[in-house]
Amino acid sequence: MTKHSTNIEMIHSKTAHQCADLLSPLLRNYLDQLAPGPTYTEGDVIGWSLNLQRKGNQRTSSDGGVLLAKIITSWSPEGKKRTLLSILCISIGGEYNKYEIGLIFLKHITNFSKTMSWDGFHIGCPNSGSYSQFIRLLTGSTGHWMKYPGKIVVTLSNLKKVGPLLKRLERSTERMLQPVKWTIEPYSMNEFDQWEERIKYSEQNDYGIPWNPADNSINWKPSIKYSRVLKSNGQIVGWLICHYISKDMLRYGKLWVDPGWESTGAPLALLCDVMRSAHFKHYDESSNIHQTGSPVKAGCFISHPTNQRLHRLMTQKFKPVCDSWIELENYFQYFDQVWSKGCN
């Protein structure tokens, strides 16, 4: 970086479009969610851009990279509640040295985070590929980081593969419905009283919490059309709340059933109901050509290995038919631990 001078600026909503070319379509969505500052709370998204100015007789500048991050809370291994800056991406222009710019970014946001009295960093990334190699190189030279296995991101779009599985699962859930009765109903945010009561009940019993508009850490809104509620005797006992992550991809987001309902087939019934309506409107079972979903082209979900029963089911059923099965890693660094070198 000896032939360049660098300047890092915070990205603001009015100029965010200037950074879009360095981001994937999915990550560009975060540019619409940037918090104005100067104070921040859990769930806020912050971005920085790095500008490189070439030294010499003619001074030209170009966008060298973008870093997007989100404020989260997390529990440290010692059981302490921490406020962390979770790095969503570090995207760098192809002609520049990614490692050098990564170090410059990390040094800058370290100083910023300490000024804000935050406790450290979190980075989630795939466990393989070029970005994973970049993050491993970066964390390997900037002090003490702790690494843990993370969630798994699964995408589905090939109806020829998914269709037969969906049909088998639907038959299975129909058989399981006979001894245990449930109903699957459309999701509606208009049932405020019932949802408020359910949120309180979940918090009191340490159960899963449905989408809560008062939760600032959630930066998406449900797809009303493709979300479902599980009821028994008129009471909410589960849900599948979905949302779009792009115009062509639906995420099967918050899936929950209360204890005792896990083995009834209800979780799969919720998933099957959404998948059938979202992706199989024009599916031709007799065709041998490749078919993608309609009206929504693709779907995705996140599987958590810590939920062993559900993860085992997803591995057995969906891994053979998915487009991608991406295992993530989590890196954590806390400022009250000693840094060995790098961003001092």
Side-chain angles (χ1 to χ4, degrees), residues 74-75 77 124-129 132 146-182 184 202 205-211 226-232 236-243 245 249-280 293 298-332:
S74 178
W75 294 93
C125 71
N127 68 351
S128 61
S132 174
M146 292 176 286
K147 185 176 75 171
Y148 301 98
K151 57 193 178 183
I152 296 172
V153 181
V154 185
T155 58
L156 305 160
S157 71
N158 188 333
L159 301 194
K160 198 64 181 176
K161 290 183 177 180
V162 180
L165 171 64
L166 180 59
K167 196 170 184 177
R168 292 195 303 271
L169 294 177
E170 287 172 333
R171 289 173 177 170
S172 175
T173 57
E174 287 172 2
R175 290 194 299 269
M176 298 178 77
L177 175 59
Q178 299 307 318
V180 183
K181 297 295 183 181
W182 69 72
I184 295 177
S202 292
N205 293 276
D206 199 24
Y207 286 179
I209 297 177
W211 184 79
Y226 298 121
S227 295
R228 302 289 185 268
V229 181
L230 183 74
K231 290 187 178 181
S232 177
I236 296 174
V237 295
W239 51 81
L240 174 55
I241 303 177
C242 302
H243 66 99
I245 58 174
M249 183 169 287
L250 183 73
R251 181 190 167 206
Y252 319 130
K254 283 181 168 286
L255 173 60
W256 171 266
V257 293
D258 287 345
W261 288 92
E262 304 96 324
S263 303
T264 63
L268 279 178
L270 287 165
L271 184 58
C272 289
D273 193 84
V274 169
M275 291 177 66
R276 177 66 67 182
S277 62
H279 310 302
F280 285 82
C300 75
F301 64 87
I302 292 174
S303 183
H304 297 270
T306 51
N307 187 338
Q308 296 181 2
R309 176 179 291 181
L310 186 58
H311 180 63
R312 183 167 58 249
L313 175 68
M314 296 304 173
T315 302
Q316 292 172 347
K317 302 298 184 183
F318 288 96
K319 190 173 184 179
V321 302
C322 70
D323 299 340
S324 62
W325 182 275
I326 302 174
E327 299 180 17
L328 302 182
E329 296 175 332
N330 289 316
Y331 293 83
F332 292 89

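The first residue in the sequence is number 1, and the count goes up from there. Quick caveat, the model's predicted, so the values are computed rather than measured.
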Of all the heavy-atom pairs spanning [X] and [Y], show the shortest one and how long it is.
X    : Y    : answer
S202 : G208 : OG-O, 2.8 Å
N330 : P149 : ND2-O, 3.9 Å
L270 : L240 : O-CD2, 3.7 Å
A269 : T173 : N-CG2, 3.7 Å
C300 : T155 : CB-CG2, 3.8 Å
C322 : V154 : CB-CG1, 3.6 Å

Hydrogens and angles aside, do D258 and W256 bring a side-chain donor and acceptor to less than 3.5 Å of each other?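 Result is yes, a qualifying pair exists.
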Under the salt bridge (Lys or Arg N to Asp or Glu O under 4.0 Å) test, residues paired with E170 that sit two or more places apart: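 Result, salt bridge (Lys or Arg N to Asp or Glu O under 4.0 Å) vs E170: R276.
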I need the [X] [atom1] to [Y] [atom2] distance, nearest 0.5 Å.
X    : Y    : atom1 : atom2 : answer
K151 : H304 : NZ    : NE2   : 6.0 Å
E327 : S128 : CD    : OG    : 8.0 Å
S303 : W325 : OG    : CH2   : 5.0 Å
Q316 : H311 : CD    : NE2   : 10.0 Å
L255 : W239 : CG    : CH2   : 10.0 Å

Which label fits W182 and W261: parallel for a plane angle under 30°, tilted from 30 to 60°, or perpendicular past 60°?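 Rings of W182 and W261: perpendicular, as their planes differ by over 60°.
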Is any side-chain heavy atom of [X] closer than 4.5 Å to a side-chain heavy atom of [Y]?
X    : Y    : answer
P305 : I152 : yes
S277 : Y226 : yes
L250 : V274 : yes
L169 : F318 : yes
M314 : L271 : yes
L230 : I184 : yes
L313 : L268 : yes
M275 : L156 : yes

Check whether any side-chain N or O of [X] sits under 3.5 Å from a backbone N or O of [Y] as a donor-acceptor pair, and report yes or no.
X    : Y    : value
S227 : C242 : yes
E174 : S172 : no
S132 : P126 : yes
K254 : I209 : yes

Go through L165 and R168 one step at a time and tell me if the side chain to side chain contact (heavy atoms under 4.5 Å, CB included) criterion holds. CA-CA 5 Å; L165 171 64; R168 292 195 303 271; 3.6 Å; yes
Is it true that, when you exclude K317 itself, more than 12 heavy atoms of the residues, nucleotides or ligands shown sit nearer than 6.0 Å to its NZ?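 Counting neighbours around NZ of K317, 12 or fewer heavy atoms of other residues, nucleotides or ligands fall under 6.0 Å, so no.
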Run the side-chain contact (heavy atoms from CB on, under 4.5 Å) test against K161 and tell me which residues pass, sequence neighbours left out.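 So K161 forms a side-chain contact (heavy atoms from CB on, under 4.5 Å) with N158, V321.
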